[in-house]
Chemist: 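Mind having a look at this structure? Questions to follow.
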2 protein chains.
Amino acid sequence: MDDLKKSEKDTLSGKLQNAGLRPTRQRLLLAKILFDGLPKHVTAEQVMTAVRKRKGHVSLATVYNTLNQFTQAGLMRCVSVDQSCAYFDTTLEPHHHFFDEVSGRLWDIPEGDLKISVPDAPHGRGIARVDVTVRLNKKP
Amino acid sequence: MDDLKKSEKDTLSGKLQNAGLRPTRQRLLLAKILFDGLPKHVTAEQVMTAVRKRKGHVSLATVYNTLNQFTQAGLMRCVSVDQSCAYFDTTLEPHHHFFDEVSGRLWDIPEGDLKISVPDAPHGRGIARVDVTVRLNKKP
DNA sequence: GTGTTTGCAAAGTGTTTGCAATTTA
DNA sequence: TAAATTGCAAACACTTTGCAAACAC
């Protein structure tokens, strides 16, 4: 828990300040776009588009910097899906991975060490595959 | 220009031919490096390093092309871990994703629709988080 | 005021591509 | 010989950075 006043917690300004970020015009606009209560998955370019739609202006570099700052501050997180695949894996059988955030190393989780049951694919779609990555950091 | 043992060459040759790929010098060398029976997770640059270590030569562009061809041919697969995170996600609570390979869209899997149990972190490491991506394609 | 943040353009990264030369079947 | 493959360098998309001007406190 924290000992901040309600108003501080409830405004975007307060949210930024809580995170140690000055509530600048740009950050407030981005926060308004991002934290409207609905879950979002956005790319930097999509954020730019949203900014333009509101007739605002934030430079692309600032969008990138701000998204990274928000992420670092724990206000959001990031998901890597594909783009150009960073790691090529010689094992074909379905299997999952440990990823060591410290060393950048990736290795297999032994078969049977992980159990998962996934929902059905939406209508008209099939499951291509299921990727599980257990991300490791230094022991807390 | 033959630095591969005959038996290896024949096996790898066949593997490439089965996949509809001509067994060229470059592909054979890369196949030898990649398919030695041990599971591997490599980046293009690591493959380049392995090539140099064997005093071979394959251009970087060919390494990329070949890795993509091998992947496309089903000889290997690729795993995306991070790099610069492509999607920023405003939801902080642990949750997982559907990723539609057709549209490139990403959305949340409703809480409770997915069950997973993961192994303990290796000694000295903690679990930072678990990422599950259910990748969708066109219905088969 | 003082330290922080922004915007711009330039630099950087990792990957793909166009095309002539080479190699394979 | 015809078609596939390679290497190079240039193009590429996306992201980060350096620094002067603008801003928040």
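In the text below, chain A, chain B and the rest are named by the order of the sequence lines, each starting its count at 1.
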Chemist: B:His57 side chain: which of C:dC8, D:dT6, D:dG7 is closest?
Modeler: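 Closest nucleotide to the B:His57 side chain: D:dG7.
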
Chemist: How many Å lie between CZ on B:Arg25 and C1' on D:dA4, as a whole number?
Modeler: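 Interatomic distance, CZ of B:Arg25 to C1' of D:dA4: 16 Å.
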
Chemist: Separation of B:Leu29 atom CG from D:dT5 atom P, in whole Å?
Modeler: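 Checked: the CG to P distance equals 17 Å.
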
Chemist: Output the rounded distance in Å from CG (A:Leu67) to C1' (C:dT5).
Modeler: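 Those two atoms, CG and C1', are 16 Å apart.
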
Chemist: Hey, is the side chain of B:Asn65 poking within less than 4.0 Å of OP1 or OP2 on D:dT6, counting only N and O atoms?
Modeler: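 It does not, given that no N or O in the side chain of B:Asn65 lies less than 4.0 Å from OP1 or OP2 of D:dT6.
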
Chemist: Kindly say whether, by distance alone, the side chain of B:Arg22 makes a donor-acceptor pair under 3.5 Å with the base of C:dT24?
Modeler: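 Indeed there is one.
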
Chemist: Could you check whether the rings of A:Phe99 and A:Tyr87 sit parallel, tilted or perpendicular, using 30° and 60° as the cut-offs?
Modeler: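 Geometry flag for A:Tyr87 against A:Phe99: perpendicular rings.
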
Chemist: Given the side-chain rings of B:Phe35 and B:Phe70, with only the six-membered ring counted for Trp, is the space between their centroids under 6.0 Å?
Modeler: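 Yes, close enough.
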
Chemist: Between D:dC8, C:dA25, D:dT17, which nucleotide has the shortest distance from any of its atoms to the side chain of B:Ser59?
Modeler: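 Closest nucleotide to the B:Ser59 side chain: D:dC8.
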
Chemist: Can you tell me the Watson-Crick or wobble partner of C:dT24, both distances under 3.5 angstrom?
Modeler: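 By the stated definition (distances under 3.5 Å), D:dA2 pairs with C:dT24.
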
Chemist: Whole angstroms only, please: what is the CG-C1' distance between A:Asn68 and C:dT5?
Modeler: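 Rounded to whole Å, this separation is 15 Å.
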
Chemist: Tell me whether the side-chain N/O atoms of B:Arg27 come closer than 4.0 Å to OP1 or OP2 in D:dT5.
Modeler: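 Yes, B:Arg27 has a side-chain N/O under 4.0 Å of OP1/OP2 on D:dT5.
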
Chemist: Quick check against the 3.5 Å criterion: does A:Arg27 have a side-chain atom that pairs as donor or acceptor with the backbone of A:Thr66?
Modeler: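 Judged by distance alone, no pair lies under 3.5 Å.
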
Chemist: For D:dA24, what is the paired nucleotide under Watson-Crick or G-U wobble rules, both distances under 3.5 Å?
Modeler: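 Pair assignment: D:dA24 / C:dT2.
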
Chemist: Please state how far atom CG in B:Leu16 lies from atom C1' in D:dT6, giving the value in whole angstrom units.
Modeler: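 Atom-to-atom, B:Leu16 to D:dT6, this comes out as 15 Å.
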
Chemist: Just to confirm, is there a sub-4.0 Å distance from OP1 or OP2 of C:dT23 to any side-chain nitrogen or oxygen of B:Gln26?
Modeler: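 No, because none of the side-chain N or O atoms of B:Gln26 sits under 4.0 Å from OP1 or OP2 of C:dT23.
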
Chemist: Which whole-number value in Å describes the distance from B:Met48 CE to D:dC8 C1'?
Modeler: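 Roughly 12 Å, once rounded to whole Å.
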
Chemist: CG of A:Leu60 versus P of C:dC8: gap in Å, rounded?
Modeler: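 The distance from CG of A:Leu60 to P of C:dC8 comes to 11 Å, rounded to the nearest Å.
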
Chemist: Of B:Glu45 and B:Gln17, whose closest DNA chain C nucleotide lies nearer the 5' terminus?
Modeler: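 Whichever sits nearer the 5' end wins; that is B:Glu45.
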
Chemist: Which whole-number value in Å describes the distance from B:Leu28 CG to C:dT23 P?
Modeler: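 Interatomic distance, CG of B:Leu28 to P of C:dT23: 15 Å.
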
Chemist: Ignoring backbone atoms, test whether A:Thr24 places a side-chain nitrogen or oxygen under 4.0 Å from the OP1 or OP2 oxygen of C:dT6.
Modeler: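 For A:Thr24, the contact criterion (side-chain N or O under 4.0 Å from OP1 or OP2 of C:dT6) is met.
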
Chemist: For A:Arg105, look at atom CZ and say whether over 12 heavy atoms of other residues, nucleotides or ligands are found less than 6.0 Å away.
Modeler: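 No.
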
Chemist: Does OP1 or OP2 of D:dG7 have a side-chain N or O of B:Thr62 closer than 4.0 Å?
Modeler: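 Yes, B:Thr62 has a side-chain N/O under 4.0 Å of OP1/OP2 on D:dG7.
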
Chemist: So, B:His97 and B:Asp131: side-chain donor and acceptor under 3.5 Å apart, yes or no?
Modeler: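 Looking only at side-chain atoms, B:Asp131 and B:His97 do not form any donor-acceptor pair under 3.5 Å.
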
Chemist: Please figure out whether A:Ala44 or B:Gln69 has its closest DNA chain D nucleotide nearer the 5' end.
Modeler: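 Mapping each residue to its closest nucleotide by heavy atoms, the 5'-most match is B:Gln69.
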
